[in-house]
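Scope of the values below: all heavy atoms of this structure, side chains included, with no hydrogens, waters or symmetry mates. Chain letters run A, B, ... following the sequence lines, proteins first and then strands; every chain starts at 1. This one's a predicted model, so the numbers in the text were calculated from it and none came from an experiment.
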2 protein chains.
Amino acid sequence: MITFSEENYLKAIYHLGKFGNALVSTNAIADKMDTKASSVTDMIKKLAEKELVAYTKYQGTTLTEKGRLTAATVIRKHRLWEVFLVEKLNFNWDEVHEVAEQLEHIKSEKLINQLDAFLEFPTHDPHGDPIPDKEGNFKKTNKELLANLAKATHCICIGVKDSSSEFLRYLDKHKIALGTAIEVLSKETFDDSMVIQVAGKTLTISKEVSNNLYVKAQ
Amino acid sequence: MITFSEENYLKAIYHLGKFGNALVSTNAIADKMDTKASSVTDMIKKLAEKELVAYTKYQGTTLTEKGRLTAATVIRKHRLWEVFLVEKLNFNWDEVHEVAEQLEHIKSEKLINQLDAFLEFPTHDPHGDPIPDKEGNFKKTNKELLANLAKATHCICIGVKDSSSEFLRYLDKHKIALGTAIEVLSKETFDDSMVIQVAGKTLTISKEVSNNLYVKAQ
DNA sequence: ACTTATTTTTAGCCTTGTCTAAAATTTAAT
DNA sequence: ATTAAATTTTAGACAAGGCTAAAAATAAGT
Ligand SMILES: [Mn+2]
Ligand SMILES: [Mn+2]
Ligand SMILES: [Mn+2]
Ligand SMILES: [Mn+2]
């Protein structure tokens, strides 16, 4: 039986290691998990013992196939629950993450598959992140950061990089949601700010904003 | 912050102590929790420290008002989730308990209130048990055991005492569900078996069955 | 190449929740 | 009223998951 803590470590390694491939450092994990490097070393040993990660002292850690699938399944559950909270329980997209962090650890294959069906097999969560299938796979959509678009480009918002409550509520305030059409009116080279057209109004946004909005060019 | 384990102990004490009133023995808790008396003593001390139970050495334990409310809230969550699983995710009534044991520990007031609304404020779970409100209260319906009914009585099944998978599947097999009309055709004094009329057929049931079916006489 | 800085691991300790075995207390039986 | 039986608590141990401080290994700087 895998513990909540083990699942959280696997998820962190998955994200840090670009979906399970790259070597991840002990400190990077400690940072992400908000814990100490010594605690990470201890846990990595347990995960290696269970063959969920491959670990060589001082060199770093990667997920095994078994670890990758476990991590992807936790992420699948997290994102499906986020969809449930927004679509069925009227949560706002900035309120779901904390609850999903708990729900993602519920163990029941039937539960998650029925939930998936109940939600009509969503492909993305409320923040635009893809939902892995049962095998832990998902097609990666070609999204790009709004910051990288040229002047006069038309695009549609399809996701957020930063999904903090503060950023999401900023977007709410300015009527930017997934699916919202955006046009780049101008870019300021000095501070990388942008003037965009959104929801019938023009809006000046900082590079912090444009660097955290994923869009699909039209 | 209250732990999963603490919540489970409170729930056990709540059930054993008739909703929080009576004094509960250490052994009774150990039995119900499938643990050892020494572990119970340790935990009781922690709960007493947190003022969730009142405890005097060798005498037994009762819930405080704070403990009673905490226990009732966990039970509220458990039963709401059971309704969700049956009503929305097509679980059978014998499949929900294990998953609800996990879901009942999720911490989010908004989650449980929105779930309650989404389910349209159900009053009973799939086994006929009442769902406490936010204050931990519920009106107790006057149900009685089928075993106690006299010959020729008409009644409706409104709950199960034993909610084990085995018993529930036995009921499924014989088309007995919540709401099903039952008539007592005869009672055998020798072994307390009964012949009943249900779903258009006559059926002989043992005292193990009639002692575990709650009904409302018509 | 050698020294310094950074990263990582080890060693030892703590808390939570569990256990077994022994001691203390209460209850039951003569 | 004693003695025996059952219940409950204490003492001491352990595994999981965390911590701090010190040691070891790797990486960087001159
Ligand atoms: Mn999230
Ligand atoms: Mn998300
Ligand atoms: Mn249940
Ligand atoms: Mn139930």
Asker: With A:K143 as the cation and A:Y214 as the aromatic partner, state whether NZ or CZ is under 6.0 Å from the six-membered ring centre and within 45° of the axis.
Answerer: yes
Asker: So if I define the base as every atom that isn't primed, P, OP1 or OP2, how would nucleotides 17-23 of chain C read as a B/S/- string at a heavy-atom cutoff under 4.0 Å?
Answerer: BBBB---
Asker: A:F4 vs B:F4 aromatic rings, parallel, tilted or perpendicular, using cut-offs 30° and 60°?
Answerer: perpendicular
Asker: Both conditions, 6.0 Å and 45 degrees, for the charged tip of A:K45 above the ring of A:Y55: are they met here?
Answerer: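 Pair A:K45/A:Y55 does not count as cation-pi.
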Asker: Please tell me which of B:N27 and A:Q59 maps to the more 5' nucleotide of DNA chain D, matching each residue to the nucleotide holding its nearest heavy atom.
Answerer: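 Between the two, 5'-proximity favours B:N27.
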Asker: State whether B:E7 and B:K107 are salt-bridged, where the test is any N-O pair (Lys NZ or Arg NE/NH1/NH2 against Asp/Glu carboxylate O) under 4.0 Å.
Answerer: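 Counted as a salt bridge, because a side-chain N and a carboxylate O are separated by less than 4.0 Å.
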Asker: Assess the residue pair A:V215 and A:L145 against the criterion (side-chain contact (heavy atoms from CB on, under 4.5 Å)); give the C-alpha distance rounded to whole Å, side-chain angles, the decisive distance to 0.1 Å, and a yes or no.
Answerer: CA-CA 6 Å; A:V215 296; A:L145 289 173; over 6 Å; no
Asker: Taking the six-membered ring for Trp, are A:H127 and A:H97 closer than 6.0 Å centroid to centroid?
Answerer: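 Ring centroids of A:H127 and A:H97 are no less than 6.0 Å from each other.
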Asker: Is B:K161 close enough and on-axis enough to B:F167, meaning under 6.0 Å and within 45°, for cation-pi?
Answerer: no
Asker: Using a heavy-atom cut-off of 4.0 Å across all strands, would you classify B:T26 as base, sugar-phosphate, or nothing?
Answerer: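 Since only primed, P, OP1 and OP2 atoms lie under 4.0 Å of B:T26, the category is sugar-phosphate.
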Asker: When the aromatic ring centroids of A:Y9 and A:Y14 are compared, is their separation below 6.0 Å?
Answerer: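 No, they do not, as the ring centres are separated by 6.0 Å or more.
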Asker: Walking along DNA chain D from 5' to 3', note the first and the last nucleotide with an atom under 4.0 Å from a heavy atom of chain A, and give both.
Answerer: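 That gives a stretch of D:dA16 to D:dT26.
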Asker: In whole angstrom, what separates B:L23's CG from C:dT26's P?
Answerer: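 Distance, rounded to whole Å: 14 Å.
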Asker: So, OP1 or OP2 of C:dA24: does either fall under 4.0 Å of a side-chain N or O from B:K57?
Answerer: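 For C:dA24, neither OP1 nor OP2 has a side-chain N or O of B:K57 closer than 4.0 Å.
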